[in-house]
Amino acid sequence: MSEYKKPDIDPDLVKFSEGNDYDSLAKYLCKVYRYRENIIIPRVLGPVVIKTNDEKMIEATVESCPFKSVTSCIIGYGLGAAVGLFTSSLMPNMTDPMAQQNQTAREILREMKNSMLSYAKNFALLGAVFSGVECCIESARGKSDWKNGTYAGGVTGGLIGLRGGLKAGLFGAAGFAAFSTVIDYYMHQR
């Protein structure tokens, strides 16, 4: 038996490997590069519009949890002020039945202002907490379904109810979670 002898190295093969031609050959065969002219964007309805970086930045800002929470706080404040104005006009404030029945306009307006501010603060707090908690839960779960509203309602109701004690916190969590579930079910069925 003869001993195995390694064949001589081909000088052309050495030049080929030194010039990084293996990389270009692999890139050519695998077609890793896609040029912008070859991008296929499926058309659903209407013309295809590619978003600019500014549009993407604004969209990301609007979809962020702090923006949603602040927006809900502002809208809740306005809605609470409207509800406070409505309820203060319906219920008369009679502190002393023996007192004179005539109230001045200034006293009535002061009571309306206090009622509006009270409702506005409560609605703003409720909207901000619920929206922020729901957005955080949705981000953590990675899903957008009815469970996010239920969980957020439970957390929000529990946090707000804790001001009245543990029992009030538990009832608040259960009640607000049930209310959120019913509202989500109703809104998604339409």
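Here the structure is a predicted model, which is why all the values come from computation and not from measurement. Values below: every heavy atom of this structure, side chains too, minus hydrogens, waters and symmetry copies.
- Between Phe179 and Phe176, the two ring planes are perpendicular [angle over 60°; tilted spans 30° to 60°].
- Of all heavy-atom pairs spanning Lys143 and Glu138, the tightest one is O-CG, 3.2 Å.
- No path of Ile, Leu, Val, Met, Phe, Trp and Tyr side chains, each step under 4.5 Å between heavy atoms, connects Phe130 with Phe123, placing them in separate hydrophobic clusters.
- Atoms CG and CG, from Leu90 and Leu85 in turn, are 9.5 Å apart once rounded to the nearest 0.5 Å.
- Listed by chain and residue number, nothing satisfies the salt bridge (charged side-chain N to carboxylate O under 4.0 Å, His left out) test with Arg110 (two or more places apart in sequence, or in another chain).
- Between Leu126 and Asn122, the closest side-chain pair of non-hydrogen atoms is not below 4.5 Å.
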What's the verdict on side-chain contact (heavy atoms from CB on, under 4.5 Å) for Lys113 and Leu109, showing C-alpha distance, side-chain angles and the deciding distance?
CA-CA 6 Å; Lys113 177 186 139 193; Leu109 290 175; over 6 Å; no
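- Atom NZ of Lys147 and atom OG of Ser180 lie 15.5 Å apart (nearest 0.5 Å).
- Atom CE of Met112 and atom OG1 of Thr87 lie 9.0 Å apart (nearest 0.5 Å).
- The line from CD1 of Ile50 to OG1 of Thr52 is 11.0 Å long, rounded to the nearest 0.5 Å.
- In the hydrophobic clustering, where aliphatic and aromatic side chains (Ile, Leu, Val, Met, Phe, Trp, Tyr) are joined below 4.5 Å either directly or transitively, Ile137 groups with Leu125, Val129, Val133, Tyr151, Val155, Leu159.
- Under the side-chain contact (heavy atoms from CB on, under 4.5 Å) criterion, Ala177 pairs with Thr150, not counting sequence neighbours.
- For Cys135, the disulfide bond (SG atoms under 2.5 Å apart) criterion is met by Cys65, not counting sequence neighbours.
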Verdict with supporting geometry, Ser88 and Ser115, side-chain hydrogen bond (donor to acceptor under 3.5 Å, both in side chains)
CA-CA 6 Å; Ser88 68; Ser115 176; 4.5 Å; no
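- Both Leu79 and Tyr119 are members of a single hydrophobic cluster when ILVMFWY side chains are connected at heavy-atom separations under 4.5 Å.
- In this structure a side-chain-to-backbone donor-acceptor pair under 3.5 Å is missing from Ser118 to Asn114.
- The minimum heavy-atom distance between Cys73 and Ala124, with the atom names listed, is O-CB, 3.4 Å.
- Every side-chain contact (heavy atoms from CB on, under 4.5 Å) that Ser69 has, sequence neighbours left out, goes to Ala128.
- Clustering ILVMFWY residues whenever any of their side-chain heavy atoms sit less than 4.5 angstrom apart, transitively, puts Ile108 in the very cluster that holds Met116.
- Every side chain to side chain donor-acceptor pair (under 3.5 Å) that Asn148 has, sequence neighbours left out, goes to Arg141.
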